[in-house]
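This report refers to the structure that appears directly beneath it.
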Amino acid sequence: RLKSIEKEISDNQINIDYYKNHIHDCRILLNSLTHDYNNAKQSKPNKPLFLLNILTLGQTNRTYNRNITEWMQVQYPIVQKYEELNVDLELDQEEYNSLIKSNNENIKEYKALKNKVNSISDKIKQQIKVSDEIKIQALKYVESLILMLKVGKDIINSKLDNKLINAVST
């Protein structure tokens with residue numbers, strides 16, 4: 001579990017860095033588009049009053065339709081892009097905050113588990129005590145064990161065929 005938390009923390013940190021840079025870039029872009037957005041919103045034609053339309057025999061309505069069509073072709077994409085970017089920025093900010101919260105929880109859990117592992121390791125070290133008699137008894141087998149390990153190493157390092165190295169099953 002400790003390794004998986006380490007990986008999650010690392011992944012979260014990478015994502016946090018990405019979102020931090022992405023949010024910064026989006027804000028800069030939004031700031032640069034704010035003037036164009038405001039101009040586009042202000043230049044949107046207003047629908048003529050019903051009474052004025054009747055008095056002009058529908059001329060104001062035709063003019064409005066022509067103007068709104070032009071506005072939709074020229075200005076509306078700016079408004080739409082700005083508003084989409086604003087929504088994306090809000091969603092990215094929410095994801096960024098979520099990642100920070102998740103990362104803080106993972107760090108907290110990691111520290112708790114690490115303390116628990118260290119505590120258990122200390123307890124094991126305190127419990128493992130070998131008497132001098134057992135050490136002396138085990139000493140007479142150490143030399144033969146070392147020789148067996150050397151032979152095993154020589155076999156592995158040799159150019160023997162794998163069929164000759166594998167254990168035979170009965």
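Computed from a prediction, not measured in an experiment: that's the story for all the values here. Computation of the quantities below employed the complete heavy-atom set of this structure, encompassing side-chain atoms and omitting hydrogens, waters and symmetry-equivalent molecules.
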Across all chains, not counting sequence neighbours, the salt bridge (charged side-chain N to carboxylate O under 4.0 Å, His left out) partners of E6 are K3
Any ring-ring contact (aromatic ring centres under 6.0 Å, His included) involving residues 77-114? Give me the pairs, sequence neighbours left out, ordered by first then second residue.
-> Y37-Y82
When hydrophobic residues are tied together by side-chain contacts of less than 4.5 Å, even through go-betweens, does Y64 share a cluster with V74?
-> no
From L29 atom CG to N86 atom CG, the distance as rounded to the nearest 0.5 Å = 11.0 Å
Output yes when a side-chain donor or acceptor of S102 lies under 3.5 Å from a complementary backbone atom of S98, and no otherwise.
-> no
Linking Ile, Leu, Val, Met, Phe, Trp and Tyr by side-chain heavy atoms under 4.5 Å, what else ends up with L147?
-> none
Rounded to the nearest 0.5 Å, what separation is found between the CD1 atom of I68 and the CG atom of N46?
-> 8.5 Å
Mind checking what makes side-chain hydrogen bond (donor to acceptor under 3.5 Å, both in side chains) contact with N97, not counting sequence neighbours?
-> Q93
Any donor-acceptor pair under 3.5 Å from S43 side chain to N39 backbone | yes
If you round to the nearest 0.5 Å, how far is CD of E94 from CG of L89?
-> 10.5 Å
Does some side-chain heavy atom of I78 sit less than 4.5 Å from a side-chain heavy atom of Q75?
-> yes
Between S119 (side chain) and N115 (backbone), is there a donor-acceptor pair under 3.5 Å?
-> no
Mind listing the side-chain donor-acceptor pairs of residues 16-24 below 3.5 Å, one per line with the distance, residues two or more places apart or on another chain?
from: D17; atom 1: OD1; to: Q13; atom 2: NE2; distance (Å): 3.4
from: N21; atom 1: ND2; to: D17; atom 2: O; distance (Å): 3.3
from: H22; atom 1: NE2; to: D92; atom 2: OD2; distance (Å): 2.9

With side chains defined as the heavy atoms from C-beta onward, is the minimum distance between D88 and C26 less than 4.5 Å?
-> no
For atom CD of E143, is the number of surrounding heavy atoms from other residues, nucleotides or ligands below 6.0 Å larger than 12?
-> no
Once you round to the nearest 0.5 Å, how far does CD1 of I120 lie from NZ of K123?
-> 7.0 Å
Rounded distance (nearest 0.5 Å) linking atom CD of E83 with atom CG of L30 = 11.0 Å
Between the main-chain N or O of A40 and the side-chain N or O of W71, is there a donor-acceptor pair closer than 3.5 Å?
-> yes
CA sep, side-chain torsions, deciding dist, call: N103, E8, side-chain contact (heavy atoms from CB on, under 4.5 Å) | CA-CA 8 Å; N103 201 39; E8 285 179 36; over 6 Å; no
So salt bridge (Lys or Arg N to Asp or Glu O under 4.0 Å) across residues 99-116, not counting sequence neighbours, yields R1-E109
About how many Å separate CG of L33 and CD1 of I28, when rounded to the nearest 0.5 Å?
-> 12.0 Å
Look at the side chain of N31 and the backbone N and O of R27, then say whether any donor-acceptor pair between them is shorter than 3.5 Å.
-> yes
Determine whether I5 and I14 fall in the same hydrophobic cluster, where Ile, Leu, Val, Met, Phe, Trp and Tyr are linked whenever their side-chain heavy atoms lie under 4.5 Å apart.
-> no
